[in-house]
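Below is one structure, written out as structure tokens, with a few remarks after it.
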Amino acid sequence: MQIVLATHNVHKVSELGAILSAAVEGLELLGYDGPEPVEDGTSYLENALIKARAAFAHTGLPSMADDSGIAVEILGGSPGIFSARWAGGRDNIANRRLLLAQLRDVVEEHRAAAFVCTIALVGPDGEASFTGIWPGRVAFEEQGEHGFGYDPVFIPEGFEVTAAELDPEVKNSMSHRALALEQLATYLNAIAN
Ligand code: IMP
């Protein structure tokens, strides 16, 4: 089975690829270098569908895309779908600084947050979607070198270190992306048999 992975984000390609290839036997993930559509959806699902539909239209092959972000409870779920551009540009350092500044006076009990990932799969047989949620809280300062995006300021539930301090294998076994991919893998294994 071949699936186009409709993302230009190298971090995501490697995280998604590593998890999915291990979970679905005979799966071949193809890169995508076609046009990137405007992500103007109003939810993770709409944005994931926009990207997967564009790749399917361009390649004619089943295509998957994800949309993800960090939802902070005291900010009413923001940055959410605006996570990648929270400080205006696609600048992870500025995004993290802004989030930490916004929560500067917020005590630990009110710093609840969650990473959310929705994956859309679009192909000749129709569309499906899968969502994973990884709960935790926002740290008071950046820690750790692994991962990307908000990892250095996100402390997953059950841990006292940030996602960027976790071994990438540990993150990949429990993250929002891993949880969504687990559902996708179950689905792909079911339709393959
Ligand atoms: P997308 O590429 O439109 O899905 O934007 C996702 C954004 O959410 C990224 O640029 C990151 O800022 C943030 N994000 C999503 N998943 C993660 C993660 O696993 N770790 C850290 N940040 C993440």
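Start at 1 and go down the list; that is how both ligands and their atoms are numbered. Residue numbers run from 1 in the order of the sequence given.
- Residue contact check: Glu39 has heavy atoms under 4.0 Å from atoms 3 (O) of ligand 1.
- Considering backbone and side-chain atoms together, Arg177 places an N or O closer than 3.5 Å to an N or O of ligand 1.
- Counting heavy-atom neighbours within 6.0 Å of Arg111 CZ, excluding the residue itself, gives a total above 12.
- Annotation: atom 20 (N) of ligand 1 to nearest protein heavy atom, Asp151 OD1, 2.7 Å.
- Any N or O atom pair closer than 3.5 Å counts here, and Asp66 shares no such pair with ligand 1.
- Atom 22 (N) of ligand 1 has as its closest protein heavy atom Tyr150 N, 3.0 Å.
- Contact annotation: Ser175 has no heavy atom less than 4.0 Å from any atom of ligand 1.
- Salt bridge present: Glu160 and Arg137 bring a charged side-chain N and a carboxylate O closer than 4.0 Å.
- Closest heavy-atom approach to atom 6 (C) of ligand 1 among the candidates Ser68, Ala84, Ala163, Cys117: Ser68.
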Item to check | side chain to side chain contact (heavy atoms under 4.5 Å, CB included) assessment of Glu165 paired with His146 | outcome: CA-CA 6 Å; Glu165 292 176 281; His146 296 302; over 6 Å; no
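- Between the CG atom of Leu181 and the NE2 atom of His176 there is a distance of 10.0 Å, given to the nearest 0.5 Å.
- For CD of Glu73, the number of neighbouring non-hydrogen atoms (other residues, nucleotides, ligands) closer than 6.0 Å is 12 at most.
- Of all protein heavy atoms, the one lying nearest to atom 3 (O) of ligand 1 is Asp67 OD1, 3.2 Å.
- Around atom CZ of Phe148, more than 12 heavy atoms belonging to other residues, nucleotides or ligands sit under 6.0 Å away.
- By the 3.5 Å distance cut-off applied to N or O atoms, Lys171 is counted among the residues near ligand 1.
- Trp134 is linked by a ring pair (Phe, Tyr, Trp, His ring centres under 6.0 Å) to Phe154, counting only residues two or more places apart in sequence or in another chain.
- Under the salt bridge (Lys or Arg N to Asp or Glu O under 4.0 Å) criterion, Glu145 pairs with no residue, sequence neighbours left out.
- Proximity to Gly69 (heavy-atom distance under 4.0 Å) selects the following atoms of ligand 1: 8 (O), 15 (C).
- By heavy-atom distance, the residue among Phe148, Phe82, Trp134 lying nearest atom 21 (C) of ligand 1 is Phe148.
- The closest protein non-hydrogen atom to atom 1 (P) of ligand 1 is Lys12 NZ, 3.3 Å.
- The nearest heavy-atom contact from the protein to atom 23 (C) of ligand 1 is Phe115 CE2, 3.6 Å.
- Within a 6.0 Å radius of CG in Asp167, more than 12 heavy atoms belonging to other residues, nucleotides or ligands are found.
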